[in-house]
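What follows is a set of notes on a single structure, which appears directly below.
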Amino acid sequence: MLFNRTALTATRAFSTSARRETKVAVLGAGGGIGQPLSLLLKSDPLVSSLSLYDIRGAPGVAADVSHVDTASEVKGYAADQLDQALEGVKVVVIPAGVPRKPGMTRDDLFNTNASIVRDLAASVARVAPEAHILVISNPVNSTVPIVAETLKKAGVFDPRRVFGVTTLDVVRSARFVGEVTGKDPKETAITVVGGHSGPTIVPLLSQNKNAQGVKGEVYGKVVHRIQYGGDEVVKAKDGAGSATLSMAYAGAKFTNSLLRGLNGEKGVVTPTFVRSPLYEDQGIDFFSSNVELGPEGVQKIHPIGEITAEEQKLLEACLPELKKNIEKGKAFVNKA
């Protein structure tokens, strides 16, 4: 089950007037992630209105999804209707861009996806400057700084409202560690810190009691699989796409967590890639760690806590790579 029943039941106790404000836009709703993501968001009772936009196909996706028997309203918007799609929106989820193909790294996507994300962020800054922006488009380590710098240029950047969705790393970690330990993934929730590509993904197995016994060769294999799980899917799809369905699931899961926080639910904590002070002294001003979500978005950024020597090595490999990714995103927006 995607959404926590207890959490959703608790949220229903909040006033309906607060819930009516949870209009969510999906930018890139016609794509491989956007379509299943739109369907999953339609099934989330915290989404009161769904606004689907893409350069092609969004009205058709909206017509299809709108038949699902949940209370939220759905509207689709064509390529020239981005401003209308963003009006009154509280949460903007951005899966827009091109998917990875075999042999491509996330960085290979940069040139195409960077300009798409920049232009969408500029429109959000103009039409819905107080919206919370959830970035799925890869490479997240660079596209999140692109969004932040674009909002800064427009004078509307609020670090509490910009998120890189790293939830797929968390979902994979729980699943893969569950497999090697013989536990239900619900019992192997793993905090994942750092970024959202290859060596920048740092799963902290030592912080879950059921994962602490994973050692040696098994540990090395499961960490590698978490870091490069996307490659596994790209290869298996053989040129037909990337991890679209699991990413849609993860994107909907994070959106639900944010909506619960915005509705005032206490104790909603999940890893996400945000403007962070944790490694700012090393020139790394975006970082994923456990973040408590609240009515304004980011409420509290948690430190990574105690880690093992192996995890420290992973972190040391992560930081310089992450710094380069962040600087690349900033440079794209600020170049002359």
Side-chain angles (χ1 to χ4, degrees), residues 24-34 37-38 51-58 77 79 81-83 85-86 89 91-101 104-159 161-168 195-197 200 230 242-244 247-248 250-251 254-255 258 272-275 285-286 288 297 322 324-335:
V24 177
V26 179
L27 308 184
I33 296 170
L37 174 62
S38 299
S51 183
L52 305 184
Y53 170 83
D54 210 326
I55 55 170
R56 65 181 68 86
Y77 297 88
Q81 297 178 309
L82 178 55
D83 284 11
L86 290 169
V89 163
V91 173
V92 178
V93 191
I94 307 180
V98 297
R100 277 202 298 160
K101 292 183 170 58
M104 288 177 74
T105 66
R106 286 182 174 85
D107 270 350
D108 292 333
L109 303 176
F110 182 86
N111 289 331
T112 301
N113 289 356
S115 19
I116 292 171
V117 169
R118 177 198 59 202
D119 295 346
L120 292 174
S123 294
V124 176
R126 190 179 68 255
V127 181
E130 294 187 355
H132 300 263
I133 303 176
L134 283 52
V135 183
I136 290 174
S137 309
N138 273 318
V140 164
N141 296 353
S142 301
T143 52
V144 171
I146 284 171
V147 169
E149 292 299 308
T150 303
L151 297 177
K152 277 181 194 173
K153 280 194 164 187
V156 295
F157 176 57
D158 184 338
R161 295 182 184 151
V162 176
F163 306 87
V165 179
T166 59
T167 312
L168 183 51
H196 182 59
S197 67
T200 70
S242 57
T244 53
M247 185 61 246
F254 181 77
T255 304
L258 177 62
T272 176
F273 188 67
V274 296
R275 184 83 162 74
D285 50 358
F286 289 86
S288 183
L322 185 54
K324 282 191 294 185
N325 297 162
I326 293 167
E327 287 173 352
K328 186 174 183 179
K330 289 181 178 179
F332 178 80
V333 177
N334 296 319
K335 65 188 175 185

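Along the sequence shown, residues carry numbers from 1. FYI, side chains are in, hydrogens and waters are out, and symmetry mates aren't considered; it's all heavy atoms of this structure.
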- Task: Might you work through the side-chain contact (heavy atoms from CB on, under 4.5 Å) test for Val147 and Val117, ending with a clear yes or no?
- Result: CA-CA 7 Å; Val147 169; Val117 169; 3.4 Å; yes
- Item | side-chain contact (heavy atoms from CB on, under 4.5 Å), paired with Ile94, selected from Ile33, Val26, Ile133 |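 Exactly one candidate clears the test, Ile133.
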How close do [X] and [Y] get, counting heavy atoms only, and between which atoms?
| X | Y | answer |
| --- | --- | --- |
| Leu258 | Gly297 | CD1-CA, 4.3 Å |
| Ala58 | Tyr77 | CB-O, 3.4 Å |
| Gly32 | Thr244 | O-CB, 3.2 Å |
| Thr150 | Ala122 | CG2-N, 3.6 Å |
| Ala29 | Leu52 | CB-CB, 3.7 Å |
| Arg161 | Pro129 | NH1-O, 4.2 Å |

Student check: side-chain heavy atoms of [X] and [Y] closer than 4.5 Å:
| X | Y | result |
| --- | --- | --- |
| Phe157 | Val162 | yes |
| Val140 | Ile136 | no |
| Phe110 | Ile146 | yes |
| Leu134 | Val92 | no |
| Val93 | Val24 | yes |
| Leu27 | Leu82 | yes |
| Leu37 | Pro95 | yes |
| Met247 | Val165 | yes |

- Message: Going by the rule salt bridge (Lys or Arg N to Asp or Glu O under 4.0 Å), which residues pair with Lys153 if we only count those two or more places apart in sequence or in a different chain?
- Response: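 Residues passing salt bridge (Lys or Arg N to Asp or Glu O under 4.0 Å) with Lys153: none at all.
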- Item | Basic-acidic side-chain contact under 4.0 Å: Arg275, Asp158 |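 Result for this pair is no, no salt bridge flagged.
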- Passes side-chain contact (heavy atoms from CB on, under 4.5 Å), His196 versus Leu322? Steps please. CA-CA 9 Å; His196 182 59; Leu322 185 54; over 6 Å; no
- Task: Return each pair, listed once, that meets side-chain hydrogen bond (donor to acceptor under 3.5 Å, both in side chains) where at least one residue sits in residues 113-128; pairs must be two or more places apart or across chains.
- Result: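 Counting only pairs at least two positions apart or across chains, the side-chain hydrogen bond (donor to acceptor under 3.5 Å, both in side chains) contacts touching residues 113-128 are Asp83-Arg126.
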Looking at [atom1] of [X] and [atom2] of [Y], how far apart are the two atoms once the value is rounded to the nearest 0.5 Å?
| X | Y | atom1 | atom2 | value |
| --- | --- | --- | --- | --- |
| Leu120 | Thr143 | CG | OG1 | 11.0 Å |
| Ser51 | Leu86 | OG | CG | 7.0 Å |
| Glu327 | Asn141 | CD | CG | 12.5 Å |
| Ser142 | Phe286 | OG | CZ | 11.0 Å |

- Check: Tyr53 side chain, Gln81 main-chain N or O, donor-acceptor pair, under 3.5 Å: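 No; judged by distance alone, with no hydrogens or angles, the pair does not exist.
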- Task: Kindly state each residue pair satisfying salt bridge (Lys or Arg N to Asp or Glu O under 4.0 Å) with at least one member in residues 140-149, sequence neighbours excluded.
- Result: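 Output for this query lists Glu149-Lys152.
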- Are Phe273 and Phe163 close enough that their ring centres sit under 6.0 Å apart?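 No: the rings miss the under 6.0 Å criterion.
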- Is there a donor in the side chain of Asn325 and an acceptor in the side chain of Thr200, or the other way round, less than 3.5 Å apart?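 Absent: no donor and acceptor within the cut-off.
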